[in-house]
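Following: one structure in structure tokens, then a few remarks.
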Amino acid sequence: MMKHTSDVKFEKMLNSISYIIEQKAPEYFYTRLKSRLESELKSNEMDVNDRSIYIIYVITVFIIMSIIFNVNYNTADKNYKNNIESLASSYDQNISN
Amino acid sequence: LSDKEFISRLRQGDESAFKYLVECYQDKIYNVILNILHNAIEAEDAAQETFIKVYESIHEFRGESSLKTWMYKIAIRKALGKLRNQKYKERLHLIMPFWIHSEVRGVKDVVINPGIKLEDKEQAATIFKAIADLPHNQRVAFTLVRVQGMKHEEVSDIMQLSIKAIESLLSRAKGNLKNKLKYYQKLS
């Protein structure tokens, strides 16, 4: 009996939140939404542009680095050969042998 | 204009179609979120995020459910995201009370929906306080059914759970609420 009474009381309490009058969305909801949407779309566009600039930057740096490395490697190799040749000639030796 | 035509216009980025969609659903979406979050500012923010998501991902809508159900799903996800964020901030505030802004302290304060009848306000405040302490899934299911007055089938579509799972969530929510309300009554 006690349990039944408390159940009824509980249900009565719950009913107080069951018939809420629907609230209107805040005024100028669409205007605010539109400006937010436009700014988000703009920032997304910027992100895409930023990303492509970043990719181009990385590729350019990679190409420049590989050119520098290649040139340096060739020069170093040439210098090394020249040094060996001059050393060999100073001792009157032929390195091709 | 049929639903298919309307959706294809939305997919093409037609602004007038989007405006019509917002005007049709803004109150419903705002109310669902407001009843879950109990915070008008956060509710407006989440409602805006919902419509932005709808605009951006309308091409992903496959028509398996109605557009309304699909929008509600997004709205619930956004509301749950806000709740998780609030919880995270509360925890952070516990760890670093001086570093986190004092606004966070008021997160659990319940803002009563202005749509509640005056004579029910006090009781409703107690119930909403108890609802705010429920686990997220129970909170959403209970709000959609008892506060929004949705059918179990509709809630099962929105929450992507079986009807049995929804009923189980509701009965657990009711049990928890009962205990919490008893506790509050003892306190008062």
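Order of the sequence lines sets the chain letters (A, B, ...), proteins ahead of strands, with each chain counted from 1. Computed from a predicted model, the values in this text were never measured in an experiment.
The aromatic ring centroids of F29(A) and Y30(B) lie 6.0 Å or more from each other.
Only the side chain of I131(B) comes within contact range of chain A, with at least one heavy atom under 4.5 Å from a heavy atom of that chain. With a 4.5 angstrom heavy-atom cutoff, A43(B) does not touch chain A via any of its atoms. Y25(B) does not touch chain A: none of its heavy atoms, backbone or side chain, sits under 4.5 Å away. Contacts between I127(B) and chain A at a heavy-atom distance below 4.5 Å involve the side chain alone, from C-beta outward. For E56(B), the part lying under 4.5 angstrom from a heavy atom of chain A is the side chain only.
Options E44(B), E15(B), E23(B) differ in how many heavy-atom pairs under 4.5 Å they form with chain A, and the most are formed by E44(B). When the candidates K24(A), K34(A), R36(A) are compared by the number of heavy-atom contacts under 4.5 Å with chain B, R36(A) comes out ahead.
The residues K78(B) and D45(B) are annotated as not salt-bridged, no charged nitrogen and carboxylate oxygen being separated by less than 4.0 angstrom. Under 4.0 Å is where a charged nitrogen must lie from a carboxylate oxygen, and between K68(B) and E154(B) at least one such pair does.
Under the 30°/60° scheme for interplanar angles, the aromatic rings of F6(B) and Y20(B) are found to stand perpendicular.
In this structure, the side chains of N176(B) and P135(B) come closer than 4.5 Å at one or more pairs of heavy atoms.
Under a cut-off of 6.0 angstrom, the local environment of NZ in K28(B) is sparse, with at most 12 non-hydrogen atoms contributed by other residues, nucleotides or ligands.
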